[in-house]
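Side chains are part of it too, since the values below use all heavy atoms of this structure and drop only hydrogens, waters and symmetry mates. A quick note: this is a predicted structure, and the numbers were derived from the prediction, not measured. For the single chain, residues carry numbers from 1 onward in sequence order.
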Amino acid sequence: DDLDQLWEVAAIAHSWGQPPAGKKLGVIAFSGGEGALIADQAAQAGLQMADVSPEFEALVADKLELAGAGNPFDPTGEVITRPENGVAAIEGFVTTNDFDVTLVALNAQSAPTKRGLVDHVLGTLSRPDARVGITYWPIAGLSDGLSEALADFPGPALPGSHRMIAALRAWWDSRPPVGQPPQRAARRLDVPSGRPNYWQARKALSALGVPFAEAELVQERGAGDPQV
């Protein structure tokens with residue numbers, strides 16, 4: 001839908017490859033209000049907010065006092081006040097439910113402070129056996145350093161849950177219809193680790209045959225710099 005979505009969809013495809021047949025989305029939101037908004041946006045995008053499993057319901061009842069077991073799942077402030085139990089519930093959301101993709105929406109209080117929320121959950125969410133994406137809100141003074149803390153996360157990390165939902169829709173829409181084979185053998189995007197910038201995403205998509213208008217990267221140079 002816009003130029004930023006170019007690299008956002010590329011980041012998802014780079015992390016997860018071809019989309020699965022199912023569109024079951026699980027959402028962990030550290031703000032109940034944002035979780036409700038994500039559910040509405042997911043429905044409009046044609047994604048399925050699947051029910052949680054009885055196993056997860058039992059886990060939440062055992063570990064947390066304030067949170068309810070649902071999708072979206074809000075672990076409440078207990079993820080900070082009772083981090084071991086909160087992190088166990090977050091891990092259980094990923095491992096005990098049958099979601100095709102799990103979206104974790106961090107809030108403005110998720111800045112990487114010592115023993116903060118990010119420290120508690122990132123290790124748990126860095127799982128090679130699950131598709132987990134993270135969203136955050138870049139707010140000066142509140143989320144400083146968060147994008148850097150997420151740079152090594154193995155899944156896509158995008159600024160804003162609305163942008164993740166839009167990118168997921170476009171990624172899923174790229175899957176060939178049932179019964180129609182792809183026109184060419186699937187190839188993995190050749191982009192650097194982490195989140196690719198615009199030019200890296202452009203180069204990778206061009207190699208797969210995506211057409212672009214002519215463009216040139218212009219870099220200002222000082223008077224004493226050698227000509228490039």
Stepwise side-chain contact (heavy atoms from CB on, under 4.5 Å) check, Phe30 with Val79 = CA-CA 9 Å; Phe30 293 92; Val79 76; 3.9 Å; yes
What closest approach, in Å, do [X] and [Y] show between heavy atoms, and which atom pair accounts for it?
{"X": "Leu158", "Y": "Ala167", "result": "CD1-CB, 4.2 Å"}
{"X": "Trp171", "Y": "Gly17", "result": "NE1-O, 2.9 Å"}
{"X": "Pro75", "Y": "Leu64", "result": "O-CD1, 4.2 Å"}
{"X": "Pro156", "Y": "Val132", "result": "CD-O, 4.0 Å"}
{"X": "Ser161", "Y": "Glu34", "result": "OG-OE2, 2.7 Å"}
{"X": "Phe56", "Y": "Gly70", "result": "CE2-N, 4.4 Å"}

With a 3.5 Å distance limit and no angle check, can you tell me whether [X] reaches the backbone of [Y] through a side-chain donor-acceptor pair?
{"X": "Arg175", "Y": "Gln18", "value": "no"}
{"X": "Asp74", "Y": "Ser31", "value": "no"}
{"X": "Trp16", "Y": "Ala130", "value": "no"}
{"X": "Asn197", "Y": "Trp199", "value": "yes"}

Cluster link [X] to [Y], ILVMFWY, side chain under 4.5 Å:
{"X": "Leu37", "Y": "Ile165", "answer": "no"}
{"X": "Tyr198", "Y": "Val210", "answer": "yes"}
{"X": "Met49", "Y": "Trp172", "answer": "yes"}

Inter-residue atom distance [X].[atom1] - [Y].[atom2], 0.5 Å rounding:
{"X": "Leu103", "Y": "Ile28", "atom1": "CG", "atom2": "CD1", "value": "9.0 Å"}
{"X": "Glu8", "Y": "Leu3", "atom1": "CD", "atom2": "CG", "value": "10.5 Å"}
{"X": "Asp40", "Y": "His162", "atom1": "CG", "atom2": "NE2", "value": "15.0 Å"}
{"X": "Leu66", "Y": "Thr81", "atom1": "CG", "atom2": "OG1", "value": "7.5 Å"}
{"X": "Ile134", "Y": "Leu146", "atom1": "CD1", "atom2": "CG", "value": "8.5 Å"}
{"X": "Gln41", "Y": "Leu25", "atom1": "CD", "atom2": "CG", "value": "11.0 Å"}

Show the numbers, then the answer: is there a side-chain contact (heavy atoms from CB on, under 4.5 Å) between Leu122 and Leu150?
-> CA-CA 8 Å; Leu122 275 189; Leu150 296 173; 3.7 Å; yes
Determine whether [X] and [Y] make a side-chain contact, defined as any pair of heavy atoms from C-beta on separated by less than 4.5 Å.
{"X": "Pro159", "Y": "Tyr136", "result": "yes"}
{"X": "Phe93", "Y": "Asn71", "result": "yes"}
{"X": "Pro19", "Y": "Ser174", "result": "yes"}

Could you walk me through whether Trp7 and His14 pass the ring-ring contact (aromatic ring centres under 6.0 Å, His included) check?
-> CA-CA 10 Å; Trp7 70 263; His14 173 62; over 10 Å; no
Quick one: which of Glu91, Glu57, Glu55 gives a side-chain contact (heavy atoms from CB on, under 4.5 Å) with Thr96?
->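 Output: one option passes, namely Glu55.
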May I ask you to decide whether Glu78 forms a salt bridge with Lys63, counting only side-chain N to carboxylate O separations under 4.0 Å?
->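 No, Glu78 and Lys63 are not salt-bridged.
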More than 12 non-hydrogen atoms from neighbouring residues, nucleotides or ligands closer than 6.0 Å to CG on Asp4, yes or no?
->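 Atom CG in Asp4 is packed in, count exceeds 12.
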